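Comments concern the structure below.
Computed from a predicted model, the values in this text were never measured in an experiment.
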Amino acid sequence: MLRPLVGLLVLGGLVLGLAACDGSTVAGPDGAEADAPVSMAFSAASAPEGTASGGTASTSKAASGPRILIDPDGNELRVDRVQMVVREIELDRATGDENCSPEDRPDAEEDDCAEVESGPVLVSLPLDGDAPAVVVDTTLPTGRWDEVEFEVHKPEPESSTPDFLEATDFPLATSIRVQGRYTPVGGAAQDFTYTSDLNAEREIEFDPPLEVTAENTNNVTFSVNVDAWFRRADSTLVNPARVTEGGAFEDRVEENIESSIEGFEDDDRDGRDDEEEAEDEEEEDEEDENEIEIEKALENVGPDSDASGEVEFEKEADETEFKVAVEDLAAGTHDVVIADTTRGELDVTGDEGEAEIEFRRPSEEGYPLLDFDPRGQRVEVQRDGTPYLETVVPSDENENEDGEDEGEDNEVEIEADLNNTGPDSDAAGEVGFEKEADKAAFTVEVEDLTMGTYEVVVADTVRGELDMRGDEGEAEIEFRRPSEEGHPPLDFDPRGERVAVQRSGTPYLEGTVPTRSNQDD
């Protein structure tokens, strides 16, 4: 038994009541009303900016007016109006939905809670704005819904005008009508009206299921990519006037129409899938968290009282840069010394005494390779062994100009578990990073790992090995800075990087080292 919907449909000023055939409302498990407001909206989606169905093209949407498409050859299609008959929108309950279990509905028949449907309706797609247009405001029983069936179909019966088409000029025996103007490159504009009796059905799954609750404002947006309708495979436009029954382009256009319809949860009604938006925001947050920008002024230590300078460290995604810049420094060649190691030179010329050196990772022509980590290290600009400018590079972007961390005692302590990736289901491990004053250590520990030799990979670079021996399958490796006998040197920064314990190229444990101390959370 189909569960009825109650609500209003508003299209172009025409208000139609959506009511159950028996005049009833939707009842909850105990017989009382248990519905939540749900809207259904339509948007005329477009391909990503600068593309259209795989080719270069452009789309413009005026604040009020038609939709204009221009293909790579310069042909122009102006779409003034798009209408389609949606015979049915049917939503299916998720399997095992708790609001429709036999315990909740002991008197209900087997299919009593399975689905709800609405339609038919005539939809005019919004062409002149980014926000979807709500065409149905209704209610649904609370619960989980995992599929929607969307059916475009010509009106029935064809012998008389259906109620929902009264007071419209929409032609019978037609499911889609598009009106506009086509202008071939170098040719005259041609008005067109494209009609089709296409019958098409799309089944769209919600993953995860749509959660309808009385507390939330639920909305489902049907995105129809009109920009892709009148296109060849190479994205060039087809004159809609040439898309005739039995013609060369009929099948192509109808296939484009069928594949252009998508549906998704869109509670904020911005025309974007809420689930995808949440994933994008999470990725952006992770990227922001892993981005580091540190700046510190160089201190003048005497021989040239006018000299000044600064150091800059920037890390984002898979690129890292470290720059030393000076000005008003006496002409000549100066060494850039980091942690007592000469890393490069500054050739100061001209009256302004300016020069800079920029290290980069990955390597780039014209720039020395950044194969060291300057954070927490002393940087000196010196000549003939005499320092002119110096500073200690902050180890974290939260450190202030005095080199004191805004956190507690300038100490960093990070711990994170490694994820088991499958080949040895018992294996476990963790990583730890500690820094205090001028010392730092990075540790990788594992247990219950099958005997053998494993590589420790940090940022896609093998940094050391773990030799598993004994029944307990335990081992650890500790990198230290400054270097100490018995420990490999910590000449890299593991924070924000992927760490893997692997064997013969297969990862057994892996994870990403957090960029901040655990106590910061």
Do side-chain atoms of [X] reach the backbone of [Y] as a donor and acceptor pair under 3.5 angstrom?
| X | Y | result |
| --- | --- | --- |
| Ser363 | Leu369 | no |
| Ser259 | Asn256 | yes |
| Ser43 | Pro126 | no |
| Arg67 | Val226 | no |
| Asn75 | Val238 | no |
| Thr174 | Thr195 | no |
| Arg202 | Ile261 | yes |
| Arg361 | Leu370 | yes |

Starting at [atom1] of [X], measure out to [atom2] of [Y] and round the result to the nearest 0.5 Å.
| X | Y | atom1 | atom2 | value |
| --- | --- | --- | --- | --- |
| Glu250 | Leu198 | CD | CG | 9.0 Å |
| Trp229 | Arg252 | CH2 | CZ | 15.0 Å |
| Gln179 | Arg81 | CD | CZ | 5.0 Å |
| Arg503 | Asp424 | CZ | CG | 9.5 Å |
| Glu314 | Ile294 | CD | CD1 | 10.0 Å |
| Leu418 | Glu430 | CG | CD | 8.0 Å |

* Check the surroundings of atom CG in Asp169: do more than 12 heavy atoms from other residues, nucleotides or ligands lie under 6.0 Å from it? => yes
Any non-hydrogen side-chain atom of [X] less than 4.5 Å from a side-chain atom of [Y]?
| X | Y | answer |
| --- | --- | --- |
| Ser196 | Val243 | no |
| Leu165 | Pro155 | yes |
| Glu364 | Glu319 | no |
| Lys323 | Glu321 | no |
| Thr320 | Phe313 | yes |
| Phe442 | Val513 | yes |
| Arg231 | Asp71 | yes |
| Gln190 | Pro184 | yes |

* Check step by step if side-chain contact (heavy atoms from CB on, under 4.5 Å) holds for Leu449 and Val501. => CA-CA 10 Å; Leu449 192 58; Val501 176; 4.2 Å; yes
* Going through the checks in order, is the side-chain contact (heavy atoms from CB on, under 4.5 Å) test met by Lys154 and Asn199? -> CA-CA 7 Å; Lys154 62 186 178 182; Asn199 296 331; 4.1 Å; yes
Shortest non-hydrogen separation from [X] to [Y] and the atoms involved:
| X | Y | answer |
| --- | --- | --- |
| Glu265 | Asn218 | OE2-ND2, 4.2 Å |
| Arg93 | Asp146 | O-OD1, 3.4 Å |
| Gly263 | Phe222 | CA-CD2, 4.2 Å |
| Pro368 | Glu358 | CD-O, 3.3 Å |
| Phe192 | Tyr182 | CD2-N, 3.9 Å |
| Trp145 | Phe206 | O-CD1, 3.6 Å |

* To do: Could you verify whether a donor N or O on one side chain and an acceptor N or O on the other, from Thr236 and Asp73, lie under 3.5 Å apart?
  =>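 Not at all, the side chains of Thr236 and Asp73 share no donor-acceptor pair under 3.5 Å.
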* To do: Classify the ring geometry between Tyr508 and Tyr454 as parallel (under 30°), tilted (30 to 60°) or perpendicular (over 60°).
  => perpendicular
* To do: Check ring-ring contact (aromatic ring centres under 6.0 Å, His included) between Tyr194 and all other residues, then give those that pass, not counting sequence neighbours.
  => Phe230
* **Working for side-chain contact (heavy atoms from CB on, under 4.5 Å), residues Gln83 and Ser124** => CA-CA 5 Å; Gln83 296 170 291; Ser124 294; 3.7 Å; yes
* Asked: Where do Phe170 and Val85 land on the side-chain contact (heavy atoms from CB on, under 4.5 Å) test, with the steps shown first?
  -> CA-CA 9 Å; Phe170 194 82; Val85 174; 3.5 Å; yes
* Quick one: salt bridge (charged side-chain N to carboxylate O under 4.0 Å, His left out) partners of Arg242, sequence neighbours excluded? ->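 Arg242: no salt bridge (charged side-chain N to carboxylate O under 4.0 Å, His left out) contacts found.
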